[in-house]
Number of protein chains: 2
Amino acid sequence: MLHDTAQLDLMFQALADPARRGMVERLSRGPASVSQLAEPLAMSLSAVVQHLNVLEASGLVRTEKVGRVRTCQIEPKALRAAEHWINERRLAWERRLDRLGDFLAETE
Amino acid sequence: MLHDTAQLDLMFQALADPARRGMVERLSRGPASVSQLAEPLAMSLSAVVQHLNVLEASGLVRTEKVGRVRTCQIEPKALRAAEHWINERRLAWERRLDRLGDFLAETE
DNA sequence: GCAATAGTGAAGCAATTACTTCACTATTTT
DNA sequence: AAAATAGTGAAGTAATTGCTTCACTATTGC
């Protein structure tokens, strides 16, 4: 679970599309129905549903259907996982730079 | 520059591939040549160069050729930009949940 | 019960992606 | 100078992506 590269594939892939990032952005301000997500987007409802399926498969969004309306929510745990992967790599790099700096300062 | 969605597209797209994430992971431990990046990967050198071009176009990796060897480095600023986008959305969601919690506590 | 609303599912299509191979060019090493 | 090394570039290909349209099914409001 800590190293599930397939899940990271899906998450980063999901975030790579501006329409999907728009949907995530909208959802970060609160839950929304499929139609509400579709409203600002210049594409068919079908296309929006397909994007939503990508987001849901990635784990970034969770949805629940009540009656005829599907309500969508962000899943912050998944966002945190993506964030974490990037953060680890950046920190590794920065720690390395620090050690290099120390080394250069010492040998000066 | 603060809201360059095209650049985010490129970065998340770049991170969506396990081979490319492997390369970033390798580079997070220090600079490497193209051949060194290719070594653990089960694909042709040509394919690796193509992945590298994707990483470079995304801004995540910077390369410099000296003699016949191209040396690759992580660009932490770009990593930070991707991290930041995710973080903002997650925080927006969590702040919203907090306000909701406060509201429910008050009206209880 | 009838019409409007909310969403689903499948087929089709053009563009993009992730490779491959092969031929090639520089740069080192011996 | 010849051989090995490091990488580049182009063409080809199969799979995937991001849409579209159209036909369809539930649910809700009047």
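Order of the sequence lines fixes the chain letters, A, B, ..., with proteins taken first and strands second; residue numbering starts at 1 for each chain.
Clustering ILVMFWY residues whenever any of their side-chain heavy atoms sit less than 4.5 angstrom apart, transitively, puts Leu41(B) in the very cluster that holds Leu15(B).
Remark on DNA chain C: of its neighbouring residues Ser35(A) and Ala47(B), the 5'-side contact belongs to Ser35(A), judged by nearest-heavy-atom nucleotide. Each of Val69(A) and Leu45(A) was assigned the nucleotide of DNA chain D with the nearest heavy atom; the assignment lying further toward the 5' end belongs to Leu45(A).
One N or O on the side chain of Arg20(B) and one on the backbone of Gln13(B) form a donor-acceptor pair closer than 3.5 Å.
Of the side-chain N and O atoms in His51(B), none sit less than 4.0 angstrom from OP1 or OP2 of dT17(C). Look at Ser46(B) and you won't find any side-chain N or O under 4.0 angstrom from OP1 or OP2 of dT20(C). Look at Arg68(B) and you won't find any side-chain N or O under 4.0 angstrom from OP1 or OP2 of dT8(D).
Straight-line distance from the CE atom of Met23(B) to the P atom of dA18(C): 12 Å, rounded to whole Å. When rounded to the nearest whole Å, the span between CZ of Phe12(A) and C1' of dT17(C) equals 19 Å. The interatomic distance linking Leu52(A) (CG) with dC19(D) (P) rounds to 14 Å, in whole Å. Atom CG of Leu41(B) and atom C1' of dT20(C) are 15 Å apart (whole Å). Regarding Asp9(B), its CG atom lies at a distance of 10 Å from the P atom of dT17(C), rounded to whole Å. As rounded to whole Å, 16 Å separates atom P of dG7(C) from atom CE of Met43(A). Look at CD on Gln13(B): it is 9 Å from P on dT17(D), rounded to the nearest Å. In this structure, Asn53(B) places its CG atom 13 Å from P of dG7(D), rounding to the nearest Å.
Out of dG7(C), dT20(C), dT21(D), the shortest distance to the side chain of Lys65(A) is found at dG7(C). When distances are taken from the side chain of Asp17(A) to each of dC19(C), dT8(D), dG18(D), the shortest belongs to dG18(D).
Side-chain atoms of Met23(A) and Val61(A), non-hydrogen and from C-beta on, never get closer than 4.5 Å to each other. Between Leu37(A) and Leu27(A) there is a side-chain heavy-atom pair separated by less than 4.5 Å.
Residue Ser33(B) is in sugar-phosphate contact alone, with no base atom involved, counting any heavy-atom pair closer than 4.0 Å across all strands shown.
Arg96(B) forms a cation-pi arrangement with Trp93(B), by the criterion of a distance under 6.0 Å to the ring centre and an angle within 45° of the ring axis.
Gln50(B) contributes no side-chain N or O that forms a donor-acceptor pair with the base of dT8(D) under 3.5 Å.
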